[in-house]
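Atoms within a ligand are numbered from 1 in the order they appear, just like the ligands themselves.
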Amino acid sequence: CSCPCKCTHWPKGMAFSLEERLQLGIHGLLPPCFINQDVQLLRVLKNYDMKRDDLDRYVFLMGLQDRNEKLFYRVLLSDVERFMPIIYTPTVGLACQQYGLIFRKPRGLFITIHDRGHIASVLQNWPEKDIRAVCVTDGERILGLGDLGCYGMGIPVGKLALYTACGGMPPQQCLPVMLDVGTDNETLLKDPLYIGLRHKRVRGQAYDDLLDEFMKAVSDRYGMDCLIQFEDFANVNAFRLLTKYRNQYCTFNDDIQGTAAVAVAGLLAALRITKSKMCDHTIVFQGAGEAAMGIAELITMAMEKEGLAKDECLKKIWMVDSKGLIVKGRDHLTHEKERFAHDHPHMKKLEDVIQELKPTAIIGVAAVAGAFSEQIIRDMASFNERPIIFALSNPTSKAECTAEQCYTLTEGRGIFASGSPFDPVTLPDGRMFYPGQGNNAYIFPGVGLGITACAIQHVTEEIFLTAAEALAHLVTEKDLAEGRLYPPLSSIRDVSLKLAVKIMEYAYEHNLATLRPEPSDKQAHIHSLCYSTDYDEFVVDSYRWPEDSMVVQSCKL
Ligand code: NAD
């Protein structure tokens with residue numbers, strides 16, 4: 001670290017002025033030239049271009065985050081679309097798999113099952129006191145990669161980097177947490193480079209006690225309005241913990257609720273093309289896990305808002321899991337699946353289900369590559385003038401169909417969205433389509449910013465519907481004409497700020513906000529909270545630092 005105060009938030013390398021260098025006692029410790037942030041950006045980008053592969057690019061960017069945080073975010077903001085797939089999916093998945101190998105410096109807080117009874121004191125070790133957002137995982141279901149144990153720390157680190165890059169939340173207010181309860185991944189248990197606890201996952205009461213203590217300790221230390229985002233927990237814990245904590249703490253599960261909002265935003269944008277209401281649709285899900293349940297729940301809310309009775313809404317949604325169509329009386333029905341089980345003969349094959357139910361929309365979230373066969377896509381095009389086909393499974397290799405298959409087989413009538421990015425498609429007649437990517441990053445940074453900006457203490461489902469509606473509203477007619485169901489990723493910072501304003505408005509209208517007095521200009525309030533990548537000035541007599549700050553202390557040394 002080139003910073004004299006050894007603090008990761010303030011260094012600026014050769015951008016220190018002569019006056020700063022003299023006052024901070026670092027004159028001579030830097031080359032004599034003064035280089036501003038614009039030139040530093042150029043240097044980083046040139047180095048970045050020389051990296052061999054995406055994992056090298058990830059390691060390079062993480063190194064920059066450690067050395068010069070402001071420059072790191074300046075780089076991300078210079079081209080969010082380019083860097084997002086490196087600091088987040090898909091590269092972060094690769095990075096998690098290799099976390100022991102690429103480990104340089106710890107980032108985030110590691111709490112283990114053996115810390116039960118003293119989590120509060122572990123939190124005291126974290127140097128920042130004003131934490132507004134925590135992202136936590138136990139590493140059991142990292143993306144589509146399964147149990148990566150402690151290597152899963154890359155996920156909260158990456159998500160929170162997006163809170164700052166996309167939502168403008170100051171990085172020092174964000175805390176990534178790994179709850180290490182062990183791993184059932186035998187390969188990792190034998191890996192000499194593994195950084196986590198070397199035993200099988202602890203489950204049952206001890207696990208629940210750890211979670212209970214963690215939630216309480218975080219809320220006690222940082223306040224009841226400190227947002228706790230759950231990320232990449234296994235299916236069974238994800239639903240259970242959400243139900244347990246949602247009315248007790250300020251918390252949400254991004255895999256369930258964030259996914260729901262981004263998918264419903266895509267559907268709401270699609271309705272502008274089909275000129276129909278949500279309750280006019282019959283929707284079939286391929287998959288009945290976290291993503292499917294979250295999306296289905298929010299769709300029913302959107303239908304209810306249009307005036308349809310809850311029971312009627314549920315009837316419009318069908319699900320297919322690994323055992324086939326979910327129907328009443330079938331085996332292997334969890335509590336969540338029961339709600340979408342209808343009176344109907346059981347059917348095994350998705351093709352048959354589609355033929356039988358003739359849905360207007362199909363949503364793939366089972367990570368079964370190619371599940372939307374040619375037959376299914378052609379059938380959808382024969383039943384519907386504008387069939388809605390969402391292939392949301394990640395990574396790209398798991399997608400239910402490609403954008404090209406959808407547009408070609410429906411002769412350009414298909415309304416398509418995917419989980420992973422697809423290149424634009426040109427049909428033989430010359431028409432060009434830009435497939436929409438239902439990236440959760442459209443939702444959670446803006447939602448997080450809105451929640452923390454007005455100190456909401458409980459994250460209701462309506463907040464996600466509000467976010468979905470706001471996101472769909474930001475899609476222009478031109479976007480829709482080109483096949484895009486989401487605004488361009490390059491505008492994500494602006495999107496997040498607009499979502500945050502909408503959430504604040506909603507929160508004050510519905511008595512969810514605890515920040516008083518209510519800011520009259522919510523946009524200005526949100527802007528005032530946002531992180532700036534401009535360097536701070538370190539000149540002591542233009543006084544900015546409190547007497548006990550590390551800069552002032554280091555100047556005295
Ligand atoms: P999950 O493990 O909770 O659920 C997977 C579901 O698929 C289960 O219900 C399982 O029964 C079902 N399934 C498995 N094999 C099947 C088969 N052969 N036929 C039908 N169903 C089958 O996982 P999840 O969190 O719901 O994620 C599922 C997929 O959705 C992943 O690929 C994930 O990357 C993707 N996803 C995308 C987004 C997004 O695009 N924004 C967000 C979240 C998840």
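- Ligand 1 has no atom lying under 4.0 Å from any heavy atom of Gln437.
- Lys305 NZ: 12 or fewer foreign heavy atoms inside a 6.0 Å radius.
- Looking only at heavy atoms of the protein, atom 18 (N) of ligand 1 is closest to Val368 CG2, 3.5 Å.
- Ring pair Phe252/Phe464 is tilted by interplanar angle, where 30° to 60° counts as tilted.
- Salt bridge Asp147/Arg201: present, at least one basic N to carboxylate O contact under 4.0 Å.
- Under the 4.0 angstrom criterion, atom 10 (C) of ligand 1 counts as lacking any protein heavy-atom contact.
- When the options Ala371, Ser418, Ser322, Ala260 are ranked by their closest heavy atom to atom 15 (N) of ligand 1, first place goes to Ser322.
- Using a 4.0 Å cut-off between charged nitrogen and carboxylate oxygen, Glu356 and Lys349 do not count as a salt-bridge pair.
- Of all protein heavy atoms, the one closest to atom 30 (O) of ligand 1 is Val365 CG1, 3.7 Å.
- A salt bridge does not link Arg57 with Asp53: none of the charged nitrogens is closer than 4.0 Å to a carboxylate oxygen.
- Taking 4.0 Å as the cut-off, Lys398 does not count as a neighbour of ligand 1 on heavy-atom distance.
- By the 30° and 60° cut-offs, the orientation of the rings of Phe444 relative to Tyr163 is tilted.
- The distance from ligand 1 to the heavy atoms of Gly438 drops below 4.0 Å at these ligand atoms: 39 (C), 40 (O), 41 (N).
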